[in-house]
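Structure first, then comments.
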Amino acid sequence: MRRSTLTLFLTLAIAGCAATPPHASAPMGTAPAYLAAVTADADIPNAQALVNRIYTPAIHDGYVPQGLTTAGNDLLISSYLPTPDLKANTGPCRVFRIAMKSGATTGSFAVPPGTCTHSGGLAYVGNGRLLLADTRELFLIDLDRAFTAGSSAGAMKTVKITGLLRGSFASFDGTDAWIGTWTKDQPEKARMFRLPLSVFDRFDGQTVHEDVAIESIPVPLSAQGAAFDHDGQHVWTSSSNSKFGTLYRLDRRTGAVQAEYAMVPGLEDLAVDANGELWGLSESGTQKYQHWATRFPFVFRIDTGALQ
């Protein structure tokens, strides 16, 4: 009788531990002192799928996160500092490195002033190189050199973009770079373009337009980020503003929407790590957007199997 009771107790205890969601533990990283509380999960769409939460670095200094990518066991985040004050939508850019497992910020570097102003997207393109997309300029950065120096000056190639090309976000399909256009009301301009990395060798310091693109596909309105999955058949994209967030899975060839899920407002860039796991971040809860109803200042893994 005692053994049966003990067995039942242990079974329930183990079941209870197994049922505990990964986000039930405290978020990793450093909570900003200015934020008294974050928005409750009950008010975040698909909160059950937003796991492994990490406070976004440097938001206590006023930075606003935009771009996200993964490189090995690290997350890389690009942010801009609204200047001259929080009302501005542009300012100096900085890239931060976070250890995926611990949430610790392990390095950062500045992009030279006057070049990057918004840092809309990031994509790790292999061989220690980072693609940073700004609205009208692209940067191919040597990560080791930039982190060692604390600046990407002298460690990058640049290409200015014009015409239909915009650097609202960036991605990498394993071979070529992609950049995309954010627009809230012009569906014909909501597209992402495939660019060979050779454009940085051919046009370093020059200006290119859409004729250098290999192909393009449509994306949803208000697109903020994109990430290709490992099978090469789909691309995840995000759309958001202060009131909504949406995650889409698109057909890689046509851009057709295959699935969509409600998400946290302010959802920005996306990334897929070496294990095929999807990550995202929200700019809600930053100092610039404290007036929003939602405050969710995290980088997080998106458990796609738990999406509803």
Side-chain angles (χ1 to χ4, degrees), residues 66-72 74-78 93 95 97 109 111-112 115-149 151-182 191-217 219 223-237 250 252-253 255 269-274 276 279:
Q66 298 293 295
L68 175 67
T69 192
T70 67
D74 294 321
L75 297 163
L76 301 176
I77 296 169
S78 62
C93 303
V95 173
R97 183 178 61 205
F109 64 82
V111 184
T115 56
C116 177
T117 62
H118 198 75
S119 68
L122 286 183
Y124 181 68
V125 298
N127 298 318
R129 299 170 299 168
L130 178 70
L131 171 66
L132 188 155
D134 199 39
T135 308
R136 285 300 185 183
E137 190 162 4
L138 306 178
F139 307 82
L140 187 63
I141 300 169
D142 182 315
L143 280 174
D144 285 344
R145 292 173 62 192
F147 278 121
T148 298
S151 171
S152 62
M156 64 185 186
K157 295 180 179 181
T158 64
V159 173
K160 295 185 183 298
I161 52 177
T162 189
L164 297 179
L165 298 180
R166 289 179 69 87
S168 303
F169 54 91
S171 191
F172 183 61
D173 65 7
T175 302
D176 297 309
W178 290 73
I179 60 172
T181 300
W182 175 94
R191 303 190 70 83
M192 54 189 293
F193 294 83
R194 179 183 171 197
L195 307 177
L197 290 174
S198 61
V199 299
F200 288 98
D201 295 320
R202 296 168 56 200
F203 302 106
D204 185 20
Q206 302 178 48
T207 300
V208 300
H209 49 77
E210 63 273 9
D211 66 352
V212 302
I214 299 171
E215 66 173 307
S216 70
I217 60 173
V219 294
Q224 303 277 18
F228 288 84
D229 64 8
H230 279 192
D231 68 12
Q233 301 301 309
H234 312 97
V235 56
W236 293 95
T237 62
L250 309 181
R252 155 68 180 81
R253 297 165 302 161
D269 207 358
L270 302 170
V272 171
D273 66 22
W279 291 77

Tell me the closest heavy-atom pair linking Phe139 and Phe200, and the distance in Å. C-CE2, 4.0 Å
Please check this pair: side chain of Asp173 against backbone of Asp176, looking for a donor-acceptor N/O pair closer than 3.5 Å. yes
Sidechain-backbone polar pair: Thr69 side chain, Ala271 backbone, donor-acceptor under 3.5 Å: no
Are side-chain heavy atoms of Lys160 and Glu137 found at a separation under 4.5 Å? yes
Do side-chain atoms of Arg145 reach the backbone of Gly154 as a donor and acceptor pair under 3.5 angstrom? yes
Angle between ring planes, Phe109 versus Phe147, binned at 30° and 60°: parallel, tilted or perpendicular? perpendicular
How long is the gap from CD1 on Ile161 to OG1 on Thr207, to the nearest 0.5 Å? 10.0 Å
Considering non-hydrogen atoms only, spot the tightest contact between Pro196 and Val212 and give its length. CD-O, 3.6 Å
Shortest non-hydrogen contact between Phe169 and Gln224, atoms and distance: CB-O, 3.4 Å
Check Ile141 against Ser152 and note the closest heavy-atom contact, atom names and distance. CG2-CB, 4.0 Å
Would you check if Met156 and Pro112 make a side-chain contact, meaning some heavy-atom pair closer than 4.5 Å? yes
Give the minimum heavy-atom separation between Leu131 and Ser171, together with the two atoms involved. CD2-O, 4.4 Å
Could you check whether any side-chain N or O of Arg129 sits under 3.5 Å from a backbone N or O of Gly126, counting only pairs where one atom can act as donor and the other as acceptor? yes
Within the side chain of His230, is there an N or O that forms a donor-acceptor pair under 3.5 Å with the backbone of Asp273? yes
Close side-chain approach of Thr158 and Thr115, heavy atoms under 4.5 Å: no
Ser78 side chain vs Ser119 backbone, donor-acceptor pair below 3.5 Å: yes
Say whether, by atom type as modelled, one donor and one acceptor occur between the side chain of Asp134 and the main chain of His118 under 3.5 angstrom. yes
Distance, nearest 0.5 Å, that separates OG1 of Thr181 from CZ of Phe193: 5.5 Å
Note, Ile214 side chain near Leu195 side chain (heavy atom, < 4.5 Å): no
Any side-chain to backbone donor/acceptor pair from Arg136 onto Leu165? Under 3.5 Å, distance only. yes
Rounded to the nearest 0.5 Å, what's the gap from CD on Glu215 to CE on Met192? Could you check? 9.0 Å
Could you report the tightest heavy-atom contact between Asp269 and Ala226, atom names first, then the distance? OD1-N, 3.5 Å
Heavy-atom distance under 4.5 Å between the side chains of Asp201 and Lys157, does that happen here? yes
I'd like to know if the side chain of Asp142 and the backbone of Ala155 have a donor-acceptor N/O pair within less than 3.5 Å. no
Nearest 0.5 Å, what's the CG-CG distance between Leu76 and Leu68? 8.5 Å
Distance in Å, Leu140 CG paired with Asp204 CG, rounded so as to fall on 0.5 Å steps: 9.0 Å
For Val208 and Leu138: C-alpha separation, side-chain torsions, deciding distance, then whether side chain to side chain contact (heavy atoms under 4.5 Å, CB included) applies. CA-CA 10 Å; Val208 300; Leu138 306 178; over 6 Å; no
Nearest 0.5 Å, what's the CZ-CD1 distance between Phe172 and Ile179? 14.5 Å
Check whether any side-chain heavy atom of Arg166 sits under 4.5 Å from a side-chain heavy atom of Thr135, and report yes or no. yes
